[in-house]
2 protein chains.
Amino acid sequence: MTDETPNAEPPRKRRKDERPAEIIEAGLKEFAEKGFAATRLEDVAARAGVVKGTIYRYFADKDELFEAAIRSQVAPVFDHVEALVDAFPGSCEELLKAVFRRIYEQMFETDLNVLMRIIISEGGRHPKIAEYYYTQSISKGRALLTKIIARGVERGEFRAGPASDLPMIVLAPAIMAMVWTMTFDRFDPVAAERFMAAHIDLVFNGLRANAAH
Amino acid sequence: MTDETPNAEPPRKRRKDERPAEIIEAGLKEFAEKGFAATRLEDVAARAGVVKGTIYRYFADKDELFEAAIRSQVAPVFDHVEALVDAFPGSCEELLKAVFRRIYEQMFETDLNVLMRIIISEGGRHPKIAEYYYTQSISKGRALLTKIIARGVERGEFRAGPASDLPMIVLAPAIMAMVWTMTFDRFDPVAAERFMAAHIDLVFNGLRANAAH
DNA sequence: CAAAATAATGACCATAAAGTCATTTATCAT
DNA sequence: ATGATAAATGACTTTATGGTCATTATTTTG
């Protein structure tokens, strides 16, 4: 009856290569749930299946782990989209819709929401991280949107409005969806589908009824 | 030369009535800047011109101060607007614009941004606070928007679109403006004016050029 | 103008969590 | 097999800060 499983794994394993990624993943989730300051490295360790001391073999301190966690996730959000934009055969409206869909997909089906949650709630206090995310992702996204909208205007599909100068505003409802799920979803849940449908409708058509002029 | 100013105020003052408000104000700002977990009660005390122990005469613990700080700010955001809505003489479009203007004003000229900053970044981890804010502010705001949009649809000013079911989506660009100023404004500043102009244009007109359809 | 009442202080305690490091042990090279 | 290497451990130290409380000083009041 005493715990003596015969084929038990050795309690300790050396896995130099896998560890950092595992610790980063655990850290990312803890940081997203608790915030940077309230995250305990011991919890991160537990989640990664190691002991606190092990973290320090791979990361100098909490800040460095935090940075590494962010960096690990930033990469591919807009990359997929980038190819799409240049090669897209259809109308700019269809293209933009495809981009929106992609963003909602990533936001609700991958760890992007974890990253955004961290950026939104900690970005202000960690300029390094905010800047990194800005240069790696946001600025690219903005450039992409600028291009799509400019093309749409050129082709006569879109009006030449202030969105040409502030293109990220067409993503605002997606940001709101993120903030909403972070804070109020518990009391007033909104399905991603509904948000996306309303988003697309509003951004293309606006509220106003198509009156005479 | 030794510090013996003749008319110096007594170093200690008893101000039972003013203290709580001062501590709350100091707390609010510290919480907004550092976040709940990273805020040090000693800093709050210093900012309020008292000593840490004094805080505990008025608040049981850090959580209670936090709650008090939130509650102190929630009150009047939509109240001003509420009167406006019922009495407004003009079109629904003008009414909505007035509401938007009011929100941007409050967001950038009062402490509303401080509150929103806290709600956005800490709401997820403090359900009590999020729920309080939701019931006190958000739900009222939503009801108001619902009313305005329904009226607009009725009068033929607005299309009957998904925004009727998800009215807060028309505020999304304002939320985005808030998130933006919290995180990326440092690297890529956007004036509130520009944001608001783009917001209004997008929400009423949408992107699409008014083609024959 | 005492003397009681209590706001404010600052020194203190308790605890939690970051960070360190000598020891243990899995893995690798010979 | 055996010794060398270094990954992993866990017990330890340090520090920070939330929270307490006896003492001090300012009002109040009788």
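In what follows, chains carry the letters A, B, and so on, assigned in the order in which the sequence lines appear, proteins first and then strands, with residues in each chain numbered from 1. As the structure is a computational prediction, the values presented were derived from the model and not from experiment.
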Cut-off 3.5 Å, no hydrogens considered: what does the side-chain donor-acceptor table look like for residues 186-200 of chain B, sequence neighbours left out?
from: Arg186(B); atom 1: NH2; to: Gly124(A); atom 2: O; distance (Å): 3.2
from: Asp188(B); atom 1: OD2; to: Tyr134(A); atom 2: OH; distance (Å): 2.4
from: Asp188(B); atom 1: OD2; to: Arg142(A); atom 2: NH1; distance (Å): 2.6
from: Arg194(B); atom 1: NH2; to: Asp165(A); atom 2: O; distance (Å): 3.2
from: His199(B); atom 1: ND1; to: Tyr104(B); atom 2: OH; distance (Å): 2.7
from: His199(B); atom 1: NE2; to: Val170(B); atom 2: O; distance (Å): 2.7

Could you pull out every donor-acceptor pair under 3.5 Å between side chains of residues 55-62 of chain A and any protein atom, sequence neighbours left out?
from: Asp61(A); atom 1: OD1; to: Asp63(A); atom 2: N; distance (Å): 3.4
from: Asp61(A); atom 1: OD1; to: Glu64(A); atom 2: N; distance (Å): 3.0
from: Lys62(A); atom 1: NZ; to: Phe36(A); atom 2: O; distance (Å): 2.9
from: Lys62(A); atom 1: NZ; to: Ala37(A); atom 2: O; distance (Å): 3.3
from: Lys62(A); atom 1: NZ; to: Thr39(A); atom 2: O; distance (Å): 2.9

Residues in side chain to side chain contact (heavy atoms under 4.5 Å, CB included) contact with Glu18(B), at least two apart in sequence or another chain: Arg15(B), Glu22(B)

Test side chain to side chain contact (heavy atoms under 4.5 Å, CB included) applied to Glu94(A) - qualifying residues, sequence neighbours left out: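 For Glu94(A) the side chain to side chain contact (heavy atoms under 4.5 Å, CB included) partners, ignoring immediate neighbours, are Phe88(A), Ser91(A), Lys97(A), Arg101(A).
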
Show me the protein contacts with nucleotides 10-17 of chain D, counting only N or O atoms at under 3.5 Å.
from: dT17(D); atom 1: OP2; to: Arg40(B); atom 2: NH1; distance (Å): 2.6

Within residues 124-141 of chain B or reaching into it, pairs that qualify as salt bridge (Lys or Arg N to Asp or Glu O under 4.0 Å) - sequence neighbours excluded: Glu67(B)-Lys128(B), Glu122(B)-Arg125(B)

Whole Å only: how far is the [atom1] atom of [X] from the [atom2] atom of [N]?
X	N	atom1	atom2	answer
Ile55(A)	dA18(C)	CD1	P	9 Å
Arg57(B)	dA7(C)	CZ	P	6 Å
Arg14(A)	dT24(C)	CZ	C1'	11 Å
Phe59(A)	dA18(C)	CZ	C1'	16 Å
Glu42(B)	dG18(D)	CD	P	8 Å
Lys13(A)	dC28(C)	NZ	C1'	15 Å
Tyr56(B)	dA11(C)	OH	P	17 Å
Glu64(B)	dG18(D)	CD	P	16 Å

Asn113(B) side chain to Phe108(B) backbone, donor-acceptor under 3.5 Å: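 No, the answer is negative, given that no donor and acceptor are paired below the 3.5 Å cut-off.
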
Upstream residue (5' side of DNA chain C) when Lys16(B) and Ala60(A) are each assigned their closest nucleotide: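 Upstream on the strand: Lys16(B).
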
Step-by-step side chain to side chain contact (heavy atoms under 4.5 Å, CB included) determination, Leu115(B) to Asp111(B): CA-CA 7 Å; Leu115(B) 179 64; Asp111(B) 277 354; over 6 Å; no

With Asp17(B) via salt bridge (charged side-chain N to carboxylate O under 4.0 Å, His left out) - residues at least two apart: none

Residue list, salt bridge (charged side-chain N to carboxylate O under 4.0 Å, His left out) with Asp43(B), at least two apart or on another chain: Lys34(B), Arg40(B)

Sub-4.0 Å heavy-atom contacts from residues 18-37 of chain A onto DNA chain C, ordered by number: none

